[in-house]
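Structure, as structure tokens:
Each chain gets a letter, A, B and so on, in the order its sequence line appears, and its residues count up from 1. What you see below is based on every heavy atom in this structure, not just the backbone, and it leaves out hydrogens, waters and symmetry mates.
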Amino acid sequence: MIQEIQIYNTLTRKKEVFEPLVPGKVGLYVCGPTVYGPPHLGHARSAITFDLLFRFLKQIGYKVRYVRNITDVGHLVADADEGEDKIAKQAKLDELEPMEVVQKYTLMYHKAMELLNLEAPSIEPRASGHIIEQIEDVKRILASGFAYESNGSVYFDVEKFAQSHDYGKLSGRKIEDLICNTRTLDGQDEKRSGLDFAIWKKASPEHIMRWPSPWGEGFPGWHMECTAMSCKYLGETFDIHGGGMDLTFPHHEAEIAQSVAARGHEAVRYWMHNNMITLNGQKMGKSLGNAISLEQFFTGNHPLLEKAYSPMTIRFFMLQAHYRSTLDFSNEALQAAEKGMERLLKAVAKIESLPVSDTSSVNIAELSANCYAAMADDMNSPIAISYLFEGVKIINSVADGKATITAADCDALKTLFDAFVFEILGLKAEAQSESGNSEVLNDVVSLLMKLRADAKANKDWATSDKIRNELSAIGFEIKDTKEGMSWELRK
RNA sequence: GGUCGGUUGGCCGAGUGGUUAGGCAGCGGUCUGCAAAACCGUGUACGGCGGUUCGAAUCCGCCACUGACCUCCA
């Protein structure tokens with residue numbers, strides 16, 4: 001039985017009960033990255049948001065087809081375009097072929113997403129691999145009369161479209177306001193109106209990525225790819241379209257217009273948008289030059305970072321905020337997330353060894369219901385996490401003998417945590433060290449631990465403390481517990 | 001300028017017309033030879049001014065500050 005969930009639909013500006021087009025199945029399309037730079041924290045936010053949705057929908061029983069595109073045509077420029085003239089005179093081989101740029105950053109993106117423990121989408125189509133589909137859609141839009149050809153390019157006629165349709169319905173804009181605000185940019189004689197956007201663009205002589213079309217050599221406009229590819233893989237109408245809030249206008253608005261013009265109806269039933277990551281209250285983004293790349297987070301190699309933050313820390317940090325809220329980056333917040341997550345994961349590891357009793361003093365069924373209810377309410381992961389921390393307290397109390405749990409409840413608790421922590425939130429325990437020397441290292445530290453235990457047994461505190469302090473100075477954390485000593489290498 | 005949003009305790013961040021968010025830090029305690037770690041417990045809040053209400057931080061109005069979009073952007 002699939003539980004009822006609510007999601008916030010940008011189109012209606014309210015939470016709605018989610019009812020898929022086909023019972024039990026969900027078609028999900030998400031705008032992926034434009035691969036012209038290293039992936040940054042903002043890419044992670046969007047990817048993690050919809051990974052969470054993907055995972056949750058599957059967990060509650062849906063079969064999901066998740067399509068996330070790679071934008072590899074539309075805005076790529078040769079790297080040399082702002083360099084000195086002499087660079088342009090270099091042999092062609094010395095310049096980056098656009099596909100090299102695409103390949104480089106696509107690989108970086110995939111690597112980062114893998115580290116963040118994102119599940120791969122069902123399909124990851126590239127705009128450059130769907131030129132034919134896009135040309136077909138451009139033809140349809142021309143045939144419908146909502147586009148015109150001009151000097152080898154094809155433009156969407158926004159004002160004409162707006163006469164019979166609500167252009168601006170998604171982003172809450174009025175066509176009159178748009179006209180007032182856009183007219184200032186004149187000089188583009190090709191377009192009838194500043195509002196019009198290119199659905200096919202003529203390639204200038206120096207533009208390298210170009211394809212033949214009925215209108216001459218060129219490339220598709222940015223908005224076309226999502227319209228064409230979502231239709232190809234999810235059908236003319238599909239359930240959910242996701243992306244960053246900054247894409248609602250003009251990108252998603254244009255998508256709606258294109259779908260209606262090409263097919264006579266809208267394609268998307270629920271629009272979901274994740275909010276932005278901010279840095280000192282300002283949006284973090286490549287165009288603002290304040291984006292910190294994911295690799296920099298993972299290595300700590302950035303002036304604003306006090307230390308390295310693991311992929312799971314980043315992931316947990318984001319999940320602790322609701323996806324529709326802005327999330328402000330800071331070292332303090334990230335370190336708080338790191339510690340909290342460690343506590344959560346340590347508790348999870350303890351579940352299986354909890355002592356069981358004939359009775360339970362804790363209510364696992366209620367806890368479980370609360371967790372699912374939180375997620376069903378427009379993916380409220382922070383609330384779900386707060387309930388998980390309630391579970392952490394239960395686990396620790398039972399371990400301390402301050403609460404009791406039956407074997408059945410213990411199983412239920414394990415099932416709940418496995419489902420939520422690993423399957424839905426997508427967290428995983430991060431390996432401490434994977435160096436080839438770890439076994440030897442293990443033996444050496446264990447030997448020192450033994451020496452210290454002997455010293456302690458003899459009440460030779462001086463030696464005992466010396467070993468502890470020196471190991472600590474190199475980065476080992478020594479813990480004395482009732483069961484004996486343990487150690488771990490600090491990250 | 002237009003449109004939409006935000007303003008919560010030391011920090012991050014949920015939520016709600018009257019009842020505990022949660023995490024981190026702080027404080028107190030347990031444990032320890034001492035410490036660390038771990039665990040348990042715990043205080044502080046809802047931008048300002050009005051209004052509606054038995055009661056508002058939660059609804060309404062005004063003001064202040066701030067952000068996003070309006071060009072490429074997750």
Which protein N or O atoms sit under 3.5 Å from an N or O of nucleotides 25-30 of chain B?
{"unit_1": "A25(B)", "atom_1": "OP1", "unit_2": "K339(A)", "atom_2": "NZ", "d": "3.1"}

Evaluate R55(A) against E119(A) for salt bridge (charged side-chain N to carboxylate O under 4.0 Å, His left out), listing each step before the verdict. CA-CA 8 Å; R55(A) 287 166 172 274; E119(A) 291 193 5; 3.5 Å; yes
Any donor-acceptor N/O pair under 3.5 Å between A35(B) base and R468(A) side chain: yes
Nucleotide nearest K350(A) when distance is taken to its side chain, options A74(B), G33(B), C39(B): C39(B)
Among G13(B), G23(B), C70(B), the nucleotide that comes nearest once only the side chain of K393(A) is considered: G23(B)
Taking ring-ring contact (aromatic ring centres under 6.0 Å, His included) as the definition, give me every residue that meets it alongside H165(A), ordered by chain and number, with sequence neighbours left out. F146(A), F161(A)
Using a cut-off of 4.0 Å on non-hydrogen atoms, how would the nucleic acid contact of H40(A) be classed: base, sugar-phosphate, or nothing? base
Would you list the protein and nucleotides 3-8 of chain B atom pairs, both N or O, that sit under 3.5 Å from each other?
{"unit_1": "U3(B)", "atom_1": "O2'", "unit_2": "G172(A)", "atom_2": "O", "d": "3.2"}

Of T49(A), N380(A), D378(A), the residue whose pairing with Y323(A) passes side chain to side chain donor-acceptor pair (under 3.5 Å): D378(A)
Heavy atoms of other groups near N458(A) CG, more than 12 under 6.0 Å: yes
If you check every side-chain atom of L327(A), which of A14(B), G13(B), C11(B) has the closest atom? G13(B)
Return one dot-bracket line describing RNA chain B 5' to 3' (Watson-Crick or G-U wobble pairs, both distances under 3.5 Å; ( ) same strand, [ ] crossing, | another strand, . none). (((((((..(((.....[...))).(((((.......)))))....(((((..]....))))))))))))....
Name the closest nucleotide to the A336(A) side chain, picking from C24(B), A68(B), G33(B). C24(B)
Expressed in angstrom and rounded to an integer, what is the separation of H322(A) atom NE2 from C12(B) atom P? 19 Å
Does the ring centre of H43(A) sit less than 6.0 Å away from the ring centre of Y105(A)? no
Out of G41(B), G33(B), C69(B), minimum distance to the side chain of D465(A) belongs to G33(B)
Closest of A74(B), A35(B), C11(B) to the S46(A) side chain is A74(B)
For G168(A), report the nucleic acid contact type (base, sugar-phosphate, nothing); a contact means any heavy atom under 4.0 Å. nothing
T34(A) side-chain N/O to C72(B) phosphate OP1/OP2 under 4.0 Å: no
First locate atom CG of N290(A), then atom CG of L279(A), and finally report the distance between them rounded to the nearest 0.5 Å. 5.0 Å
Scan residues 379-390 of chain A against RNA chain B and write down, sorted by residue number, each residue with any heavy atom closer than 4.0 Å; if none is found, say none. N380(A), P382(A), I383(A), S386(A), F389(A)
Pick base, sugar-phosphate or nothing for N274(A), based on heavy-atom distances below 4.0 Å to the nucleic acid. base
Sugar-phosphate, base or nothing in reach of G42(A), heavy atoms under 4.0 Å: base
Interatomic distance at C1', G26(B) relative to G18(B), whole Å: 30 Å
Not counting sequence neighbours, list each pair that qualifies as a salt bridge (Lys or Arg N to Asp or Glu O under 4.0 Å) and has a residue in residues 284-297 of chain A. none
Tell me whether the NZ or CZ atom of R324(A) lies within the 45° cone about the ring axis of Y8(A) and under 6.0 Å from its centre. yes
Indicate whether OP1 or OP2 belonging to C40(B) is found under 4.0 Å from a side-chain N or O atom of R343(A). yes
So, R343(A) and E338(A), do they make that salt bridge, N to O below 4.0 Å? no
From the options G33(B), A74(B), C11(B), select the nucleotide whose nearest atom is closest to the side chain of S464(A). G33(B)
Does M276(A) reach a base, just sugar-phosphate, or nothing at all? Heavy atoms under 4.0 Å. base
Cation-pi check for F249(A) against R173(A): NZ or CZ below 6.0 Å from the six-membered ring centre and within 45 degrees of the axis, yes or no? yes
